[in-house]
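These notes concern the structure reproduced below.
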Protein chains: 2
Amino acid sequence: MTAAKKQAKSKAGNGVTAPGVRTATRRARVESKEDAIVKAAYQMFIDVGFAKTTMSEIAKKAGVAEGTLYLYFSNKDALAHTVLADFYERLTLGAKKGVAKLGNTEERLVFLARHHLKNIIKERRILELLSMTDRDSEIYRGSELYKMNRAYVSVFDDVVREGMWRGEIKKTDELWLLRDTFFGALEYGMRTIMLKRRGAEQRVNQLAQTLAEMLIQNTKPAGATENQTSLQNLEKTARRFEKAATRLERITGQM
Amino acid sequence: MTAAKKQAKSKAGNGVTAPGVRTATRRARVESKEDAIVKAAYQMFIDVGFAKTTMSEIAKKAGVAEGTLYLYFSNKDALAHTVLADFYERLTLGAKKGVAKLGNTEERLVFLARHHLKNIIKERRILELLSMTDRDSEIYRGSELYKMNRAYVSVFDDVVREGMWRGEIKKTDELWLLRDTFFGALEYGMRTIMLKRRGAEQRVNQLAQTLAEMLIQNTKPAGATENQTSLQNLEKTARRFEKAATRLERITGQM
DNA sequence: TGACAAAATGAGCTTAACTCATTATTACTG
DNA sequence: CAGTAATAATGAGTTAAGCTCATTTTGTCA
């Protein structure tokens with residue numbers, strides 16, 4: 001409880017002490033210590049996973065006493081939570097930057113897929129921290145983690161919505177179907193890629209390309225238009241010939 | 001170590017004592033006790049999750065002493081492992097039965113999707129046990145869990161391969177792309193369905209139908225047939241025109 | 001420099017997984 | 001049917017990891 005308060009205090013930028021101003025150096029030191037703890041925890045989680053990481057080892061790695069951890073984080077879960085939140089933040093930032101650079105919907109989707117894949121491959125142990133959190137309970141909606149997830153996912157949503165607006169993706173009210181297919185396929189694909197070590201890079205590209213195409217394919221203007229145009233032309237020609245043939249038959253008297 | 005040996009012994013059906021035969025009642029009692037333990041653990045995992053389940057509570061629920069648990073399972077993880085293996089077994093059996101009853105590939109895929117979804121919704125806490133196992137390490141390939149997963153997944157694979165053979169699904173060497181998309185989408189979709197309580201049943205159907213269509217769509221014969229009919233009409237017209245043109249040429253004496 | 005607040009410490013508490021010496025049960029035999 | 005050896009079960013005790021809190025150290029003022 002005390003720790004939780006402190007955690008909030010050092011995270012948010014509220015005025016710590018009344019006089020202020022010259023507290024800067026102290027604050028800076030405190031925050032760098034918090035960073036050191038998070039960094040140590042991150043590394044441990046990556047290396048040996050959450051379950052096998054001990055608080056005492058994190059403390060040692062961060063160069064602080066075990067008790068100090070609890071001044072910054074109320075418990076081990078809260079520490080994992082922070083590590084996960086940082087991960088989401090980086091992920092979201094990278095996604096936004098990449099999308100902003102690209103104009104075409106297909107390119108954007110391929111980028112998002114590759115970006116997601118590469119990051120969950122590199123930091124898959126961090127992603128696993130998610131599975132500890134109870135995503136069923138009512139509490140989850142409204143949690144910081146839920147918001148971070150929404151923020152990340154909405155980058156994808158925005159790309160798709162704009163793609164629909166432009167007519168590059170078939171319109172649907174059920175955006176969740178596309179979203180879950182996209183991210184679900186990426187996470188499962190990641191495991192396959194990890195399992196079959198060979199040709200990882202190629203598989204990443206394959207998966208990203210396939211998913212992007214799957215989304216735009218449904219009513220891809222390119223293919224559909226070509227076929228329709230070709231058929232329409234043929235049919236127009238046919239109609240003209242039908243008329244001409246009928247007239248000819250009338251003249252010659254037979255069929 | 002001792003416990004592990006015992007676990008193996010009571011699991012496998014090897015001859016426990018030399019004389020054999022009349023051991024039946026004792027074996028039966030032992031196995032029913034093992035069942036009681038697994039059942040208790042299953043229920044606890046479902047109710048409060050793996051982390052918050054204590055061995056002492058499992059023991060109490062199963063009506064045995066805490067130490068007895070370790071005669072049957074070397075540790076808590078091994079117990080979770082068994083619960084998970086049982087889950088896979090049920091899942092695989094159900095999938096096989098359902099597929100056998102259906103002849104059409106699309107129907108089979110819809111069934112598999114619905115079957116998977118309904119089960120991972122009902123027993124999602126069991127599915128979470130998977131995320132504890134280290135699916136990266138070399139050890140995983142060759143593990144019992146890996147084999148059970150393969151057995152389950154191969155039901156899907158077989159359906160898809162047969163669908164390809166029949167020409168109902170576009171052929172591809174990259175079956176893993178279809179597989180990961182299918183199961184990944186289902187798992188992510190499950191979470192969305194859990195989160196938005198309303199209209200779960202409808203969402204299940206929607207997701208199952210969408211995924212099945214996605215797989216067969218690429219070269220769905222239906223669409224292709226329509227096009228072919230259209231083409232056939234055109235060809236008929238063309239033949240008629242050829243005749244008419246020939247006659248016209250005869251009359252007009254040109255070309 | 002002294003005093004006060006903020007920060008840090010680590011010995012000790014609590015709890016849960018796991019062990020093992022002891023006891024109880026069962027199946028077989030003379 | 002009593003004796004006995006093998007098998008099964010027990011729960012007090014050990015270990016270890018998360019967490020607490022009385023005490024100490026550090027930093028910043030007047």
Within the structure, does a side-chain N or O atom of K76(B) lie under 4.0 Å from either OP1 or OP2 of dC18(C)?
-> no
Y72(B) vs dA9(D): side-chain N/O to OP1/OP2 distance below 4.0 Å | yes
Which nucleotide in the set dA17(C), dG18(D), dA9(D) lies at the smallest distance from any side-chain heavy atom of Y70(B)?
-> dA17(C)
Taking the side chain of L71(B) as its heavy atoms from C-beta onward, which of dA8(C), dA9(D), dT20(D) lies nearest to it?
-> dA9(D)
Nucleotide [N], atom [atom2] - distance to [atom1] of [X] in whole Å:
X: F73(A); N: dG18(D); atom1: CZ; atom2: C1'; value: 16 Å
X: N75(B); N: dT19(C); atom1: CG; atom2: P; value: 8 Å
X: E66(B); N: dG13(D); atom1: CD; atom2: P; value: 14 Å
X: E34(A); N: dA7(C); atom1: CD; atom2: P; value: 12 Å

For ring-ring contact (aromatic ring centres under 6.0 Å, His included), just list the numbers for Y152(A) and H116(A), CA-CA rounded to whole Å, side-chain angles, deciding distance to a tenth of an Å, and then say yes or no.
-> CA-CA 10 Å; Y152(A) 175 52; H116(A) 189 76; 5.6 Å; yes
Side-chain donor or acceptor of R203(B) paired with backbone N/O of R198(B) under 3.5 Å | yes
Position toward the 5' end of DNA chain D (nearest nucleotide), F50(A) or T68(B) = T68(B)
Under a 4.0 Å heavy-atom cutoff, the residues of residues 51-62 of chain B touching DNA chain C are T53(B), T54(B), M55(B)
Output, in order, the C-alpha distance, side-chain angles, deciding distance and verdict of ring-ring contact (aromatic ring centres under 6.0 Å, His included) for F156(B) and F183(B).
-> CA-CA 10 Å; F156(B) 170 85; F183(B) 288 107; 5.4 Å; yes
Residues two or more places apart in sequence or in another chain: which of them pass side chain to side chain donor-acceptor pair (under 3.5 Å) with E128(A)?
-> none
Would you say the side-chain atoms of T54(B) and E57(B) include a donor-acceptor pair closer than 3.5 Å?
-> yes
E123(A)-Y42(A) side chain donor-acceptor pair, cut-off 3.5 Å | yes
